[in-house]
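What you see is a predicted model; the values in this text were computed from it and never measured. One is the number of the first residue; the rest follow in order along the sequence.
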Amino acid sequence: DPFSILALTFTNKAAKEMKERIGSIVGESNAKALWMGTFHSIFARILRSEADFLGYSSNFSIYDTQDSERLISSIIKEYKLDKDLYKYRNIRNRISSLKNNLVTVKAYHNNQELVQQDKESRRPMFGKIYQTYVNRCFKASAMDFDDLLLKTNELLNRFPEVLNKYQQRFKYIHVDEYQDTNHSQYLIVKALADKFENICVVGDDAQSIYGFRGANIENILSFQKDYPNSTVYRLEQNYRSTQNIVNAANSVINKNLNKLDKKVWTDNEIGDKIEVNQTITDSEEGRFVASSIFEAKYNLQLRNDEFAVLYRTNAQSRSIEDALRRKNIPFQIFGGLSFYQRKELPFHRYFLSPYGKGDLYAPRKRVTELYCGKVTTPHPVMKCIGAANVGTGSLAGMRFLHRLKNNLNQKIIIWPFEKKIGNSVAVEIFPRLYFKQAGTNPQHWRNPETINTALEFFGSKTLSEDWTPNREDEPDALLSAAA
């Protein structure tokens, strides 16, 4: 009976592929009868069917990450908390982590260790934010992504009749990428499989890389203890990589203290040896990558599309992009935005672009829309500066802009400073905004590489090699060095 099968995976793409493969074997009509999809989509389906048990309507809203962050940001603002200490993303991540470990608001307040952690982090109001956030979600009949797991656990634990219903329905359970399951997902699967223990999981402990998102490798390592009568099938042949890659992977994996024994092998060619290069800074790493591509491209007559650069996080793209640009190597970003396509850059271009380059109204309009929506003030960009919460009130900043214009011989657009923002008549645009959006802080204008990256991007001269920061008057030191 197809209705008795539950198949869980992590991505919609994987779920779609599973349905297509099964459909080609048993027919599409039977495949559609399966409960198959991502953890969140399947549990949302269950929660909508049983919403009354938890006091929700069946058409509850599901908040995505941005919805959650907006709500948390409004709570922080409402309580007039320091935004530097209570960063809405950090608060959301903290709440997410607690929920995925089944720590409710009540459990949080009863756990003095957790409360103390937030006090030591100078966030003593975290518990109140958590409580308010949960209350407002419930009042709006909304759940966030983490609630889909938390509330499913609550549903199965508090209401035995519901648990029994789904245990009877799902006699056969399949879980893909089991090494990536977190504690909450593990408990739900274990509860559903407890009656018949007809469970099949696929995973590789050596590919458990999502610990930072709550994945618990112990779930797969302890599978045979949870199900003593289970049988293990080792799929050890690799069809994708060369022998050198597979052998290197095996040698690294063998160093793991806790692992499931296996020996991966391949019939593929031996392939090139792996080259390991260690660099001190991310900028040096970017230059190494760009130089390697440049040399291979011309020495071996290779095309640009024959190279790929993989990095762990989006934040790493910037140094690689900068280095590739300096080598005039075109590239395309997959799965994210280029550093220079992110929304803050039109703001820079508006203020630091020479006259006559492009339509000046378009970037001004773009900046206004990005930060302020529709603005009717005579000086929309100045209002944007205030709305964007960029550093204001700095006389050094005003001096910086005017001297940047003079010393770099650039006709730089400077919007009228006489338009007051609160009690301020000066705006420090270049250093404060550039480094804020780069994910660092204004103190990094002491870093000549970072400054040169910005100056080059805006078509300006770069700093002289002997430039050193002057803590007394950093904008002046920077400008005299770049003059």
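No donor-acceptor pair closer than 3.5 Å links the side chain of D194 to the backbone N or O of K190. In this structure, E69 contributes its side chain and R89 its backbone to no donor-acceptor pair below 3.5 Å. Under the 3.5 Å distance criterion, the side-chain polar atoms of S208 are left unmatched by any main-chain donor or acceptor of I217. Looking at N100, its side chain does come within 3.5 Å of a backbone N or O of S96 through a donor-acceptor pair. Side chain of N219 to main chain of T181: a donor-acceptor pair is present (N/O by atom type, distance under 3.5 Å, no hydrogens or angles). A donor-acceptor pair under 3.5 Å links the side-chain atoms of Q316 to the main chain of T313, judged by distance alone. K171 places a side-chain N or O within 3.5 Å of a backbone atom of Q168 that can act as its donor or acceptor partner. When atom types are taken as modelled, the side chain of T152 and the backbone of L148 share a donor-acceptor pair closer than 3.5 angstrom.
Of all the heavy atoms in I293 and V309, the pair that sits closest is CD1-CG2, 3.9 Å. Between I129 and L81, the closest heavy-atom pair is CD1-CD1, 3.7 Å. Between A191 and Q167, the shortest heavy-atom distance links the atoms O-NE2, 2.8 Å. The minimum heavy-atom distance between Y178 and V175, with the atom names listed, is CD1-CG1, 3.7 Å. Minimum interatomic distance between I5 and L34 (heavy atoms only, all atoms of both residues): CB-CD2, 3.6 Å. A15 and G37 make their closest contact through CB-CA, 3.8 Å (heavy atoms, listed as atom of the first residue, atom of the second, distance).
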Intermediate values then yes/no, side-chain contact (heavy atoms from CB on, under 4.5 Å), V103 and N111: CA-CA 9 Å; V103 180; N111 189 322; 5.9 Å; no
Run the salt bridge (charged side-chain N to carboxylate O under 4.0 Å, His left out) test on K262 and D205 for me, step by step, so that the C-alpha distance in whole Å, both residues' side-chain angles and the decisive distance to 0.1 Å come before the verdict. CA-CA 10 Å; K262 56 186 173 296; D205 59 304; 2.7 Å; yes
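In this structure, a donor-acceptor pair under 3.5 Å is absent between the side chains of E218 and S222. Side-chain atoms of D118 and Y108 form a donor-acceptor pair, as typed in the model, at a separation below 3.5 Å. A donor-acceptor pair shorter than 3.5 Å can be found between the side chains of N59 and S57.
Applying the ring-ring contact (aromatic ring centres under 6.0 Å, His included) test to residues at least two apart or on different chains, none of the pairs has a partner in residues 58-104.
Applying the ring-ring contact (aromatic ring centres under 6.0 Å, His included) rule to H183 yields no partners; only residues at least two apart in sequence or on another chain are considered. Residues satisfying the side chain to side chain donor-acceptor pair (under 3.5 Å) criterion with K165, sequence neighbours excluded, are E50. Under the rule for a ring-ring contact (aromatic ring centres under 6.0 Å, His included), the partners of Y166 that lie at least two apart in sequence or sit in another chain are F170. Remark: Y186 engages D226 in a side chain to side chain donor-acceptor pair (under 3.5 Å) (not counting sequence neighbours). Residues passing the side chain to side chain donor-acceptor pair (under 3.5 Å) test with D84, sequence neighbours excluded: none.
Here the OG1 atom belonging to T65 is positioned 10.5 Å from the CZ atom belonging to R70, to the nearest 0.5 angstrom. In this structure, CG in L150 is found 12.0 Å from CD1 in I95, a value given to the nearest 0.5 Å. Expressed to the nearest 0.5 Å, how far CD1 of I91 lies from CZ of R123 amounts to 5.0 Å. Summarising the geometry, atom CD1 belonging to I199 is positioned 9.5 Å from atom OG belonging to S230; distances are rounded to the nearest 0.5 Å.
Ion pair E154/K151 flagged as a salt bridge, since at least one NZ, NE, NH1 or NH2 atom sits closer than 4.0 Å to an Asp/Glu carboxylate oxygen. For E17 and K13, the salt-bridge test fails: no basic side-chain N is under 4.0 Å from an acidic carboxylate O.
Screening D146, N153, D144 for a side-chain hydrogen bond (donor to acceptor under 3.5 Å, both in side chains) involving K99 leaves a single residue, D144.
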